[in-house]
Amino acid sequence: MLPDWLPWLLQLNDSQFPSGAYAHSFGLEDLVQRGLVRDADGLRAFLRDQVSPALLALDVPMLARAHAAAAAGHLAALDALDRELDAWKLAEELRQASRRMGSRRLALVRQLDPAPVLDAFAALDSPQHLLVVAALEMRTLPLAVAAWAVAHQAVTGSVTAAVKLLRLGQDRAQAILRDTLVELAPGVAAVAAAPPGDPGWFNPLLEIASLRHARARERLFIS
Amino acid sequence: MSALGVNAAGQGAPQPVAPPAGVQGRSLHGHLRAVAAVDAGGRTFLRDQSFRAPLHLSKPHDDAGALVVNMVSPTAGLFDGDEVDVSLVVESGARAVFTTPAATRIHRARGDRPAVVRQSLTVHAGGFAEYFPERLIPQRGARYRQETTLRVEPGGTLLFFEWLAPGRVAHGEVFAFTELHWHTDLRIGETLVARERYALRPEGPSLAGVRLAFPEGHYLGGFIVGDFPFPREEIDRLDDPDAAVGAGPLAVPGVWTIKALCRDSLSARRTLGALRALVYQALPRVMPALRRF
């Protein structure tokens with residue numbers, strides 16, 4: 001027997017779901033332009049050494065806090081976390097991308113799965129970061145499932161962008177995606193089971209890439 | 001190391017002698033407090049100061065209208081177990097530059113305890129503060145924890161820079177430290193504007209981004225707060241094959257972040273000096289020389 005939530009979770013995580021993720025590379029475009037990510041091996045290393053660790057050290061732990069607040073209907077805590085995410089995201093492009101994707105997602109989810117808590121959150125003057133909205137939309141699911149959905153979206157988004165930026169076929173891209181997800185899965189489960197108390201991650205290179213991308217004259221992606 | 005001595009008469013068994021205040025076993029617990037204020041003539045002076053090893057203040061001097069305060073570590077650097085609390089306050093109307101004349105070295109830890117520095121810098125409305133330290137060098141086996149709290153009241157100006165070296169590169173030490181914890185919060189009034197939490201370890205991926213850019217990369221960070229035209233285009237032009245440089249606004253108007261990764265110490269020093277000069281040009285103010293660049 002499949003869980004009731006599986007069909008809508010698959011819909012929300014499908015690449016066709018119009019959250020705007022397809023328009024963002026989250027700094028990868030600048031790294032490709034700098035020649036720091038050149039090919040399939042470079043993409044594999046980027047996902048393993050930069051995307052996945054950031055998910056485990058910062059995104060999933062912050063999601064865990066937001067998920068607990070959302071499950072309890074604690075809007076004040078969600079609002080505080082949302083504003084704290086503004087402070088975490090130093091690069092303007094990454095901050096705005098997270099806000100735009102979150103806002104878009106919240107609007108869609110309110111149409112598909114109306115709920116008073118969603119309306120109440122939307123009525124706040126919150127930044128509506130993607131992580132907080134994801135926690136709200138998946139508030140009734142186990143944290144491990146929500147964490148995996150967020151991780152899957154992030155990795156898939158990077159690979160989708162890479163296909164447009166690199167000489168990389170779809171088959172090779174899917175193989176890299178599969179390997180990355182398989183490698184990442186135990187870590188996501190472990191962090192969801194016992195989120196660290198002190199989230200944080202160091203990647204000035206990606207921040208610089210995003211800061212510079214915001215002012216690049218030629219670019220494919222919004223971020 | 002026990003602290004034992006002999007009584008004044010030189011008779012009897014050695015008597016225990018209490019260690020000097022701030023010394024705990026093999027470690028130092030020091031502090032540095034300074035409050036910069038402005039006198040009736042409009043000159044900045046230190047209204048209050050207090051310090052204990054391993055830090056002390058050299059005599060401040062005026063340069064380009066600002067009080068330049070050198071925070072000096074007369075010891076060889078910080079050792080595991082050392083703890084230092086730094087509190088710097090710049091009151092309304094005062095202009096102060098806090099700097100260090102030489103690099104701060106973090107030595108190899110003899111145990112599991114890190115060296116800890118807790119530092120806060122508060123700038124009141126109408127105050128001007130620059131924090132411009134020399135590089136931090138974590139040596140092989142070093143454990144270090146740095147907690148930085150920056151608070152700027154609306155109407156205050158802050159230029160905050162930091163420089164993290166990969167180690168003693170000339171000795172072959174490149175990211176050979178054991179562990180660095182780096183906590184930074186920036187608040188404008190009561191609003192949290194920037195938060196950074198790093199745990200850096202040579203093994204694992206925490207330094208992957210730095211190493212991808214430059215295998216022996218130096219990290220530069222900065223926060224700029226103030227009501228003046230931020231020189232973003234000029235800073236963008238500092239980006240070159242030896243330095244990846246980016247800058248951008250934070251979520252609150254008038255607050256900016258600067259990040260740079262540099263190939264080596266020479267390019268880091270050149271980039272940091274250029275960043276500082278560009279910000280002073282934009283203020284516009286004459287830049288205190290510091291006599292190092």
Restricting to non-hydrogen atoms, name the atom on A:L211 and the atom on B:R232 that form the minimum distance, rounded to 0.1 Å.
O-NH2, 3.8 Å
Is B:D227 atom CG crowded by more than 12 heavy atoms from other residues, nucleotides or ligands, each under 6.0 Å away?
no
Spacing of CG belonging to B:L164 relative to CZ belonging to A:F202, to within rounding of 0.5 Å:
6.5 Å
Just so I understand: if I count every heavy-atom pair under 4.5 Å between each of B:A208, B:A194, B:G204 and chain A, which residue has the most?
B:A194
Please give me the minimum heavy-atom distance between B:V245 and A:R212, naming the atom from each residue.
O-NH1, 2.8 Å
To the nearest 0.5 Å, atom CD of A:E207 lies from atom OG1 of B:T257 at 6.5 Å
Pick from B:I258, B:L207, B:L250 with the largest number of heavy-atom pairs that fall under 4.5 Å of chain A:
B:L250
Identify which part of A:L36 has an atom lying under 4.5 Å from any heavy atom of chain B, answering side chain, backbone, both or neither.
both
Can you say whether A:P199 sits under 4.5 Å from chain B via the side chain, the backbone, both, or neither, judging by heavy atoms?
backbone
Residues, nucleotides or ligands: over 12 heavy atoms within 6.0 Å of B:E203 CD:
yes
Might you point out which heavy atoms bring A:P204 and B:Y219 nearest each other, and give the distance in Å?
CB-CE1, 3.7 Å
Could you have a look at B:A251, B:A260, B:G248 and say which one has the most heavy-atom pairs with chain A under 4.5 angstrom?
B:A251
Would you say that more than 12 heavy atoms from the other residues, nucleotides or ligands in this model lie under 6.0 Å from the NE2 of B:H183, or not?
yes
Comparing B:D239, B:D185, B:L212 against chain A, the one with the most heavy-atom pairs below 4.5 Å turns out to be B:D239
Determine the option with the most heavy-atom pairs under 4.5 angstrom with chain A, choosing from B:L192, B:V252, B:D236, B:L186.
B:D236
Spacing of A:W201 atom CH2 and B:Y198 atom OH [to the nearest 0.5 Å]:
11.5 Å
All heavy atoms of B:P249 vs all of A:E92, minimum pair found to be CG-OE1, 3.4 Å
Does any non-hydrogen side-chain atom of B:V210 lie less than 4.5 Å from one of A:L205?
no
If you take all heavy atoms of B:R197 and A:W88, which pair is closest and at what distance?
CG-CH2, 3.3 Å
For the residue pair B:H181 and A:D198, confirm or rule out a side-chain donor-acceptor distance under 3.5 Å.
no
Would the number of heavy atoms belonging to other residues, nucleotides or ligands and lying under 6.0 Å from CG of A:D171 be above 12?
no
Would you mind telling me which of A:E84, A:H213, A:R95 has the largest number of heavy-atom pairs within less than 4.5 Å of chain B?
A:R95
Is it true that A:D86 and B:R195 have a side-chain N and a carboxylate O under 4.0 angstrom from each other?
no
